[in-house]
Amino acid sequence: MSLLDELLTRCNFPAPGAPVACACSGGPDSTALVALAVAAGCDVAAHHVDHGLRATSTTEAATAETIARQLGADFVLHRVALEPGPNLEARARDARRAVLPPDALTGHTADDQAETVLLRLLRGSGGTGLGAMRPGPAHPLLSLRRSDTEALCRELGVEPVRDPSNHARDVWRNRIRHELMPLATDIAGRDLTPILGRTATILREEGDYLDQLAGEIDPTDAPAVAAAHPVLARRALRSWLTEAGYPPDGAAIDRVLAVAHGDATACELPGGRRVERSGQRFRIVDR
């Protein structure tokens, strides 16, 4: 069995013949994603986003196109305009989300999952955030390691794009990858990637059960929210107040709980929204 065939047994792709969009930087992970999606029998289009941040970005886009077509996939190029400056990583991520198809597959691996757990821990996330990425067709490579994608590129004779920004030390994820993970692995004396992945799985499963219970609460019914266990009340409110995939922070949820308990008649939310109580009901007001 070739490495391609062996890795494919550990992936989670849609059924053969299904059209799929793959986010493709041309790096090892996204190259493996495209190769494995084609091997799975999917109708693959590789979508590359050129942020225009480096002088080499046009060359990288051309390399990504050559790789995609060599692997048997169509290629779609998206160009976005970003300026260097604060919050560049977040702005680049938002720009990609805006132009990529909403159901685009990504090449995140088990190593990315472990880094995500640590990143969210450092940011103060609760159990929902620490559940990290949910396995499934949107993240079909989550059971693979970064070493697997590198090995597959070598087997296929493909030289992937090497993004120098992956080594920038002003990006938290890079410092977690190059500094924190090696140090933590040395301290633990074992590979922490599968351990962090199992932690994410446990938290995700527990979170799903709590969400099921919280789903029985009407988040617009202030007395019902006030009477519920705070753990479930917070989850019900978080689900209701999530906008465009972004939930409000814990402090905002606590302010809404205070309104539910009668300590205030209204409160502000991030993004210019406001929760008001009229009688027994909550309503969201855009300011």
Side-chain angles (χ1 to χ4, degrees), residues 21 23 47 49 51-52 78-104 106 116 119-134 136 138-139 171-173 203-204 207-287:
H47 289 252
V49 181
H51 301 91
H78 306 271
R79 297 189 188 278
V80 298
L82 285 179
E83 295 295 332
N87 302 317
L88 181 59
E89 182 185 19
R91 289 189 289 115
R93 181 179 61 247
D94 290 342
R96 286 194 299 275
R97 286 176 174 170
V99 298
L100 288 173
D103 57 351
T106 68
T116 299
L119 179 64
R120 293 182 178 179
L121 181 64
L122 293 178
R123 288 176 172 166
S125 295
T128 300
L130 295 177
M133 292 174 279
R134 186 174 294 274
H139 305 295
V171 177
W172 279 29
R173 182 178 288 274
L203 291 170
R204 203 166 46 246
D208 287 345
Y209 178 65
L210 290 173
D211 283 340
Q212 180 181 337
L213 297 178
E216 299 173 4
I217 301 169
D218 178 357
T220 67
D221 184 337
V225 170
H229 190 288
V231 169
L232 299 181
R234 288 190 183 95
R235 298 185 85 90
L237 290 172
R238 185 182 299 112
S239 176
W240 176 49
L241 297 172
T242 293
E243 185 177 42
Y246 293 96
D249 58 29
I253 296 295
D254 286 341
R255 290 196 295 271
V256 180
L257 279 176
V259 177
H261 286 282
D263 299 327
T265 58
C267 68
E268 306 301 320
L269 297 176
R273 295 187 300 163
R274 177 181 176 88
V275 170
E276 297 180 352
R277 177 172 177 170
S278 177
Q280 307 299 314
R281 311 299 296 184
F282 284 137
R283 63 173 182 165
I284 300 174
V285 178
D286 292 317
R287 292 189 288 120

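Every value quoted in this text rests on a predicted model; they were computed, and no experiment measured them.
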Pairs of donor and acceptor atoms involving the side chains of residues 263-270, under 3.5 Å and at least two apart or interchain, shall be tabulated with distances.
residue : atom : partner : partner atom : Å
E268    : OE1  : R287    : NE           : 2.7
E268    : OE1  : R287    : NH2          : 3.4
E268    : OE2  : R274    : NH1          : 2.2

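At distances below 3.5 Å, at least one donor-acceptor pair connects side-chain atoms of R273 with backbone N or O atoms of L241. For R96 (side chain) and A98 (main-chain N/O), no donor-acceptor pair under 3.5 Å exists by modelled atom type. Looking only at distances, a side-chain donor or acceptor of T242 sits under 3.5 Å from a matching main-chain atom of R238. In this structure, the side chain of R277 engages the main chain of V259 through a donor-acceptor pair within 3.5 Å. Listed for the R234 side chain is no donor-acceptor partner under 3.5 Å among the backbone atoms of G250.
Between H229 atom NE2 and L213 atom CG the span is 11.0 Å, to the nearest 0.5 Å. Interatomic distance, L203 CG to R120 CZ, rounded to the nearest 0.5 Å: 11.5 Å.
Among all heavy-atom pairs drawn from L100 and A104, the shortest one is CB-CB, 4.4 Å. Here the closest heavy-atom approach between residue L257 and residue V225 is recorded as CD2-CG1, 3.7 Å. Summarising the geometry of V256 relative to F282, their closest heavy-atom pair is O-CZ, 3.8 Å, with the distance given to 0.1 Å. Listed here is the closest heavy atom pair of I217 and A233: CD1-N, 4.2 Å. The two residues P101 and A21 make their nearest non-hydrogen contact at CG-CB, 3.8 Å. Of all heavy-atom pairs between H78 and V99, the closest is CE1-O, 3.4 Å.
With salt bridges taken as basic N to acidic carboxylate O contacts below 4.0 Å, none links R204 and D211.
Remark: Y246 OH is packed, more than 12 non-hydrogen atoms of other residues, nucleotides or ligands lying under 6.0 Å away. Within a 6.0 Å radius of CZ in R283, other residues, nucleotides and ligands contribute 12 heavy atoms or fewer.
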